[in-house]
Amino acid sequence: MIDIAVVGAGTAGMTAAIYGRRAGMEVTVFEGNTYGGQIVATPEVENFPGFEKISGFDLADSIFRQAMALDAKFVFDQINSITKKDGGFVLTGDFGNEYEAKTVIIATGATNRHLGIDREEELTGRGISYCATCDGAFFKDKVTAVAGGGNTAVEDALYLAGLCSKVYIIHRRDGFRAEEALMVKARQTENIEILTPFVTERLEGEGRLSSVVLKNAVDGTEKTIEVDGLFVAIGQVPATNAVEGLVETEGGYIKAGEDCVTSCPGVFVAGDVRTKHVRQLATAASDGAIAALAAVSCIKMQ
Ligand code: NAP
């Protein structure tokens, strides 16, 4: 039986694996996609201690290698349900594979929020993207827009500004959630134009996106911008499918304090999927360490 099953191989999950292994536990990390989580889509990380500037992919890769060097096991399977059994837990993956564990750390993070407007799905991959790092190169010397006002949107816009002839940032309010340091850079970047307070109202184009109709959030007037690409960066939706009914949630997030302890004994939560105020790489890593050490204590008390 696995001592600590970690669900999700993002920063929180991989940090949990490092701490779990260093405490001598058998740790298996389950991941339905690729390791790294959201950070892989971050072009440049400039606020993780120890790295003045590093690409999200390189940082994720280095955490992965560190966990592997400690013999953490990685299983690429999507965990769809977790149930209690004989003082432990059974995790069920795609194709019905079952894994037994003494404790579980949920580090499933979150998935990209969609705008929820007409033609969004149809034009995804035809001008609409949710990942500037992955798809930015397709828009070299073209005009793009980024929807959103958080760190992701502004980082994406800065990255795209290095590739594209022009980048619009579309945000529904005049105030931004993004760090001031990023905003200063964005305002100083010649080919970035900030459009506020606008919501993305309609998507236009024959077969692929050619323009976006914006609606002023205050006076309702409309404005059309011609773009080749629209990058949607309006936050995430917590990924809690696997733990429905197992742990208490609040506003969609798994409820836990800074101790990462959930309402279900033996289940811990780390990273963006936890109720918290600050969702940063540094706090995800912190959660991973705390959750792993809590799981270790739980096992030692069994
Ligand atoms: P976020 O901080 O939640 O920002 C989402 C943005 O999208 C907000 O500006 C929000 O507007 C807007 N928005 C939400 N729903 C919308 C809708 N339906 N239509 C239009 N706009 C909408 O998300 P994020 O930027 O992805 O960042 C997520 C977390 O990761 C944050 O804690 C962030 O600090 C962190 N992060 C950190 C780093 C880093 O450390 N380098 C990099 C990226 C992200 P309102 O402001 O009006 O609500």
Side-chain angles (χ1 to χ4, degrees), residues 8 10-12 15 36-60 63 107-121 128-134 136 145-160 168-186 194-203 212-218 223 225 230-239 251-253 270-288:
T11 305
T15 306
Q38 287 173 50
I39 189 192
V40 172
T42 304
E44 274 179 358
V45 176
E46 295 182 357
N47 57 5
F48 196 74
F51 299 93
E52 205 173 320
K53 192 183 277 194
I54 184 167
S55 80
F57 178 81
D58 286 346
L59 183 55
I63 305 172
T108 41
T111 54
N112 294 320
R113 178 176 289 126
H114 289 203
L115 290 163
I117 58 175
D118 278 355
R119 304 194 63 199
E120 185 173 5
E121 311 307 326
I128 293 191
S129 167
Y130 299 84
C131 177
T133 329
C134 321
V146 178
N151 278 343
T152 304
V154 180
E155 280 185 356
D156 284 358
L158 288 166
Y159 172 72
L160 292 168
Y168 295 99
I169 297 178
I170 305 160
H171 180 38
R172 63 185 178 185
R173 294 186 296 122
D174 291 332
F176 279 78
R177 281 175 203 266
E179 284 171 14
E180 190 48 29
L182 288 173
M183 291 311 300
V184 169
K185 270 195 194 174
I194 298 175
L195 300 173
T196 63
F198 283 105
V199 292
T200 308
E201 183 74 1
R202 284 194 306 283
L203 305 167
V212 173
V213 180
L214 309 178
K215 186 174 179 183
N216 189 299
V218 175
K223 173 187 178 74
I225 52 169
L230 172 66
F231 289 84
V232 180
I234 58 168
Q236 287 84 34
V237 181
Y253 292 86
D272 285 4
V273 73
R274 175 171 82 80
T275 48
K276 53 159 74 182
H277 293 298
V278 182
R279 292 191 171 82
Q280 295 286 304
L281 278 174
T283 59
S286 159
D287 273 13

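Values below: all heavy atoms of this structure, side chains included; hydrogens, waters and symmetry mates excluded. For this chain, numbers begin at 1 and follow the sequence in order. All ligand and atom numbering here is 1-based and tracks the order in the structure. None of the values given here were measured: they were computed from a predicted structure.
- Residue-level proximity to ligand 1 for Gln280 is carried by the side chain, the only part with a heavy atom below 4.0 angstrom.
- Applying side-chain hydrogen bond (donor to acceptor under 3.5 Å, both in side chains) to Asp272 and the options Gln38, Arg279, Gln236 leaves one that passes, Gln38.
- Residue Leu230 holds its CG atom at 6.5 Å from CG of Leu203, rounded to the nearest 0.5 Å.
- Nearest to atom 35 (C) of ligand 1 by heavy atom, out of Arg113, Glu179, Arg279, is Arg279.
- Counting heavy atoms from C-beta outward, Val212 and Leu214 have side chains that approach closer than 4.5 Å.
- Checking only distances, Gly149 does come within under 3.5 Å of ligand 1, N or O to N or O.
- By the 3.5 Å distance cut-off applied to N or O atoms, Asp272 is not counted among the residues near ligand 1.
- Here the heavy atom of the protein found nearest to atom 26 (O) of ligand 1 is Thr152 OG1, 2.8 Å.
- Considering only non-hydrogen protein atoms, atom 28 (C) of ligand 1 sits nearest to Gln236 OE1, 3.3 Å.
- Of all protein heavy atoms, the one closest to atom 41 (N) of ligand 1 is Glu155 OE2, 3.1 Å.
- The nearest heavy-atom contact from the protein to atom 8 (C) of ligand 1 is Arg177 NE, 3.5 Å.
- Considering all non-hydrogen atoms of both residues, Gly271 and Lys276 come closest at O-CE, 3.4 Å.
- In this structure, the protein non-hydrogen atom closest to atom 23 (O) of ligand 1 is Gly235 CA, 3.4 Å.
- Ring centroid separation for the pair His171 and Phe198 does not come in under the 6.0 Å cut-off.
- Among Thr200, Asn151, Thr196, the residue whose heavy atom lies closest to atom 38 (C) of ligand 1 is Asn151.
- Taking a 4.0 Å cut-off on heavy atoms, Val45 fails to register as neighbouring ligand 1.
- Looking from atom 16 (C) of ligand 1 to the surrounding protein, the closest heavy atom is Arg172 NH1, 3.3 Å.
- Ranking protein heavy atoms by distance to atom 7 (O) of ligand 1, first place goes to Ile234 CA, 3.2 Å.
- Looking at atom 39 (C) of ligand 1, its nearest protein heavy atom turns out to be Asn47 ND2, 3.4 Å.
- Contact atoms of ligand 1 toward Arg173: 45 (P), 46 (O), 47 (O) (distance under 4.0 Å to a heavy atom of the residue).
- Note that CD of Glu44 and CG of Asp58 are 10.5 Å apart. Values are rounded to the nearest 0.5 Å.
- Taking 4.0 Å as the cut-off between side-chain N and carboxylate O, Asp287 and Arg274 count as a salt-bridged pair.
- Which parts of ligand 1 touch Gly150 is read off a 4.0 Å heavy-atom cut-off, strictly below it: atoms 4 (O), 6 (C), 9 (O), 25 (O).
- Taken to the nearest 0.5 Å, the CG atom of Asn47 stands 12.5 Å off from the CD atom of Glu52.
- Electrostatic pairing of Lys185 and Glu46 counts as a salt bridge here, judged by a charged N lying under 4.0 Å from a carboxylate O.
- Between His114 and ligand 1, no pair of N/O atoms sits closer than 3.5 Å.
- To the nearest 0.5 Å, atom CD of residue Glu201 and atom CG of residue Leu115 are 11.0 Å apart.
- Below 4.0 Å from some heavy atom of His171 lie the following atoms of ligand 1, by number and element: 9 (O), 11 (O), 45 (P), 46 (O), 47 (O).
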- Task: Go through Leu182 and Phe176 one step at a time and tell me if the side chain to side chain contact (heavy atoms under 4.5 Å, CB included) criterion holds.
- Result: CA-CA 10 Å; Leu182 288 173; Phe176 279 78; over 6 Å; no
